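This structure is a prediction, so every number in the text was calculated from the model and none was measured. Any value given below was found using the heavy atoms of this structure, including those in side chains, with hydrogens, waters and symmetry copies removed.
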Amino acid sequence: MEGETSQLPWEALKHTEGDIPWSALYEFAAAVVTDNSLIGDLVELYEQAWESGHDHEHYEEYYVPAIFALAAPQLSNDRRREIGVFLVKKLAEAGYDDADISMEVLTAACGSMGTVVLPFVLETIAKEPDHQGAWYHLWGLTELVAKTEDAELRTSIIRACMELLQQADHGEIDPIDAINAAWTLAILGHTDCKKLLRRLKKKAVKSLCQGDYADALDLLDGCIDFTPPAKLWEMPVKEWLEPRWQMAKKWYRKKSYESCDDETDAGIQRAQELAGLFLESSEASELAEELLEDAGFIVCRVLEYAWEYVGSSPEELDERVLSEVLLELFPRKLTAEREFFEKVPPVTEAFLKWMGSEGILANTARLVETVLDWADTIVANSMDPEYWGMAKSLTMQAKADGVDIGSQEALQTYIADYNRRLYQMNLSDQLEPRDFTPPIPIVEHAPKIGRNDPCPCGSGKKYKKCCGSVRNTNVHH
């Protein structure tokens, strides 16, 4: 990538944080129109990203087709044909890998090249042994023929569509795999296929595709004034790239959980990452200083508790999950003053809004409203001993007895005295002595509890994944 192309923002195409780098995509699209050599450089970038697999987060295989689609209206037929050959090839390869998002992106970009891609589409279909994968998308592209007056090309498409429908009629393929061929013929007004479509409609009586064959027949019979749904390539690039980029981003985030082993503690790692990003956001900057002091801790706990106790990732936060976290787990596990719990709703509100703006979580407006409605209940439950867990109850009692609960030594001394008193009460009641270890209030770096030991709070989890995850000296389990 030498000469003028080296001045283009290549690094922007490899950046994984933030939004889609639209300014860079438009800059590349404009450059493709004036510099033919850039096509090869972008193809190389795509191939490098594709060959690297999905072991790390990257989006070049979505950005490059989008750049070509943006440039398409200003490209010559020769340039669009050159790009189309590449895109059709990659579409077929994406089908072999079951890369659904890539297939949709490539289909949209292929369609943007126009009818010049159709000969290569037909050639690829003829060689395609797999009726799954990219098969459906390739046949969908045949509808492009409606935009051409090339009689030879139209004849080739009609012949190919008829052959596919006949395969379905003979039971060689499933009728659902021939839907796009049926629609293409209906759009072209090829009435010679009506008998074939009627037979397939009957054969698809128990299939979800029966309605498609019925509609195609109605269109051919003039019974409906029907405009087929807009194809991806007929939409603005932003409309088809944005949602698929969001899906890919969510997939990478979910994959980051699954790829982490137990020792790396995926939930805590992800919670800390998102909390850090949130604290740098405009939503966080609008919080009052006193709220910002505890914002990172609150966000981490919301995400960690959702992951560890409810089994929900950040992308899966909903009313049920937040209800369990904020109305049950926070009151049971966190020891803090009333002022701390009063901060929870506004901080969570800001965090949810940020999650929505980043595309991490959908429908945040409703969740925000719900959390704010819970504000008084969160505080009331957190201050009510009936909602406290054993560890919090002991810590609160220690605090009431004047113990500095921020001091590990003071807490350990209090616990030892508590055990001793309990043991003496057992003896006085003539009960047999029994081993009893009360829940230990968690302070950082507890020396006698290994991170892989069972948590003393009795949750059944490892210490590191329960009480041992707290990293705040003012708020405790």
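Listed by chain and number, the residues in a side chain to side chain donor-acceptor pair (under 3.5 Å) with Ser112 amount to none (sequence neighbours excluded). Shown here are the side chain to side chain donor-acceptor pair (under 3.5 Å) partners of Tyr63, two or more places apart in sequence or in another chain: Trp245. In this structure, the salt bridge (charged side-chain N to carboxylate O under 4.0 Å, His left out) partners of Lys353, at least two apart in sequence or on a different chain, are Glu349. Evaluation of the side chain to side chain donor-acceptor pair (under 3.5 Å) rule for Ser382 yields no partner, not counting sequence neighbours. Under the side chain to side chain contact (heavy atoms under 4.5 Å, CB included) criterion, Ala168 pairs with Ile173, Ala178, Leu200, sequence neighbours left out. Under the rule for a salt bridge (charged side-chain N to carboxylate O under 4.0 Å, His left out), Glu369 has no partner lying at least two apart in sequence or in another chain. Legend: residues meeting ring pair (Phe, Tyr, Trp, His ring centres under 6.0 Å) with Phe330, ordered by chain and number and at least two apart, are Tyr305. Evaluation of the salt bridge (charged side-chain N to carboxylate O under 4.0 Å, His left out) rule for Arg79 yields Glu82 as partners, not counting sequence neighbours. In this view, Asp212 and Trp183 satisfy the side chain to side chain donor-acceptor pair (under 3.5 Å) rule, not counting sequence neighbours. When the side chain to side chain contact (heavy atoms under 4.5 Å, CB included) test is applied to Ala71, the partners found at least two apart in sequence or on another chain are Ala29, Val32, Val33, Leu75. Residues passing the salt bridge (charged side-chain N to carboxylate O under 4.0 Å, His left out) test with Arg81, sequence neighbours excluded: Asp78.
Sequence neighbours left out, not one pair with a member in residues 150-163 passes side-chain hydrogen bond (donor to acceptor under 3.5 Å, both in side chains).
Within 6.0 Å of atom CD in Gln74, 12 or fewer heavy atoms from other residues, nucleotides or ligands are found, so the atom counts as exposed in its surroundings.
Counting heavy atoms from C-beta outward, His170 and Gln167 have side chains that stay 4.5 Å or more apart. Proximity of Phe120 to Lys89: side-chain heavy atoms (C-beta onward) are nowhere separated by under 4.5 Å.
When only modelled atom types and interatomic distance are considered, Glu315 and Trp251 share no side-chain donor-acceptor pair under 3.5 Å.
Remark: Thr348 OG1 to Ile378 CD1 distance equals 6.5 Å, nearest 0.5 Å.
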request  = Decide yes or no on ring-ring contact (aromatic ring centres under 6.0 Å, His included) for Tyr59 and Tyr252, but give the supporting numbers first.
outcome  = CA-CA 10 Å; Tyr59 301 97; Tyr252 276 117; 5.6 Å; yes

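Put simply, the side chain of Ser323 never gets that close to the backbone of Arg320: no donor and acceptor are under 3.5 Å apart.
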